[in-house]
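These numbers come from a predicted model, not from an experiment. Protein chains get the first letters and strands the later ones, always in sequence-line order, with residue 1 at the start of each.
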Protein chains: 2
Amino acid sequence: MGTDKGLIDSLRLELRRGTLVLSVLSRTDEPKYGYALVQSLLDMGVPIDPNTLYPLLRRLESQGLLISEWETDGPKPRKYYRRTPFGTEIYRELRNEWNQMAGAMELLMKEES
Amino acid sequence: MGTDKGLIDSLRLELRRGTLVLSVLSRTDEPKYGYALVQSLLDMGVPIDPNTLYPLLRRLESQGLLISEWETDGPKPRKYYRRTPFGTEIYRELRNEWNQMAGAMELLMKEES
DNA sequence: TCAATATACTGTACGGCACACACTATTGTC
DNA sequence: GACAATAGTGTGTGCCGTACAGTATATTGA
């Protein structure tokens with residue numbers, strides 16, 4: 001069915017919402033620059049387009065969860081991002097939320113009605 | 001911090017997106033009426049307001065994933081929902097998507113960087 | 001008997017994020 | 001020199017969970 005693919009894509013997109021915040025916060029315990037995050041997340045099974053990541057990084061910084069710092073020593077200037085203490089607090093709470101949700105989903109899909 | 005709670009609520013809401021579709025599809029292998037779904041999902045750890053569920057049921061029906069049927073025998077008319085074959089197909093694919101995503105999130109949160 | 005709550009549902013508007021598009025600039029590779 | 005990769009900024013849109021407004025009847029408790 002022609003609409004099959006489109007519907008799955010749309011639903012997959014909805015599932016992704018929120019998880020990217022968790023993904024990024026989990027990777028920024030240590031400072032990392034944008035493009036390295038793209039690679040790092042790809043390696044961990046979370047593909048993300050730079051066009052999606054950079055706006056997300058800026059939003060998380062504006063929300064006080066990340067802090068950034070330019071490094072211009074190398075051949076290319078890079079913006080490094082690191083979790084703030086507030087970001088770590090939020091990350092831990094969000095991880096709890098995710099674990100509860102994932103547990104419930106696990107249960108739901110195990111026993112169909 | 002005052003914005004803490006609001007931010008968590010907002011992020012939790014984003015995590016929920018998409019998962020409610022999966023939840024409902026997992027519960028409608030057998031016909032169920034709206035309000036019973038509210039109870040059923042609550043029992044499984046997925047609290048959902050009727051104001052959220054009823055619009056979702058109608059949307060899933062309009063997308064061809066569910067089919068409904070009025071039952072007016074009892075003291076109260078009830079609208080029963082059941083997955084269509086297409087809905088079952090989409091449910092299985094979405095479950096795969098979820099499992100992949102959950103696996104990646106598991107990995108991400110296990111080894112912090 | 002009446003008020004409040006629960007049950008069961010319809011209709012509709014809004015906020016926010018992942019995505020997508022447009023763009024700049026430099027480095028690295030062939 | 002052309003093209004892809006690297007590294008980033010700016011901005012608008014679609015869609016879903018939520019919330020608000022509403023109807024109607026059954027059940028419960030005073």
- Query: Could you give the CG-to-P distance, from Leu53(B) to dA19(D), as a whole number of Å?
  - Reply: 15 Å
- Message: Let me spell it out: for each of Leu13(A) and Gln39(A), pick the nucleotide of DNA chain D with the closest heavy atom. Which residue's pick is nearer the 5' end?
- Response: Gln39(A)
- d(CG, Leu15(A); P, dC16(D)) in whole Å: 11 Å
- Message: OP1 or OP2 of dC19(C) versus the side-chain N and O atoms of Ser10(A): is any pair under 4.0 Å?
- Response: no
- Of the nucleotides dA19(D), dC17(C), dA18(C), which has the atom closest to the Pro55(B) side chain? dA19(D)
- Query: The side chain of Glu14(A) lies closest to which of these nucleotides: dG8(D), dC15(D), dA6(C)?
  - Reply: dC15(D)
- Item | Comparing Pro47(A) and Lys76(B) on DNA chain C - which has the more 5′ nearest nucleotide | Lys76(B)
- Message: Less than 4.0 angstrom between a side-chain N/O of Thr52(A) and OP1 or OP2 of dC19(C), yes or no?
- Response: yes
- Considering just the side-chain nitrogens and oxygens of Tyr33(A), establish if one lies under 4.0 Å of OP1 or OP2 belonging to dA7(D). yes
- Is there a donor-acceptor pair closer than 3.5 Å between any side-chain N or O of Arg27(A) and the backbone N or O of Leu108(B)? yes
- Query: How close or far is atom C1' of dC9(C) from atom NZ of Lys32(B), stated in whole angstroms?
  - Reply: 18 Å
- Under 4.0 angstrom between Tyr54(A) side-chain N/O and dT9(D) OP1 or OP2: no
- Task: Work out which heavy atom in Met105(A) is nearest to a heavy atom in Thr19(B); give both atom names and the distance.
- Result: CE-O, 3.6 Å
- Under 3.5 Å donor-acceptor, Ser40(B) side chain and Ala36(B) backbone: no
- Task: Between Asn51(A) and Arg59(B), name the one whose nearest nucleotide on DNA chain D is closer to the 5' end.
- Result: Asn51(A)
- Message: Under the side-chain contact (heavy atoms from CB on, under 4.5 Å) test against Leu60(A), which residue among Ile90(A), Leu66(A), Thr84(A), Leu20(A) passes?
- Response: Leu66(A)
- Query: Does a side-chain N-to-carboxylate-O contact under 4.0 Å join Glu71(B) and Arg78(B)?
  - Reply: no
- Message: Can you tell me if Arg16(A) touches the phosphate of dC19(C), counting only side-chain N or O atoms and a distance under 4.0 Å to OP1 or OP2?
- Response: yes
- May I ask you to evaluate whether Arg17(B) reaches the phosphate of dG17(D), defined as a side-chain N or O under 4.0 Å from OP1 or OP2? no
- Item | Between dC17(C) (C1') and Leu11(B) (CG): distance, integer Å | 10 Å
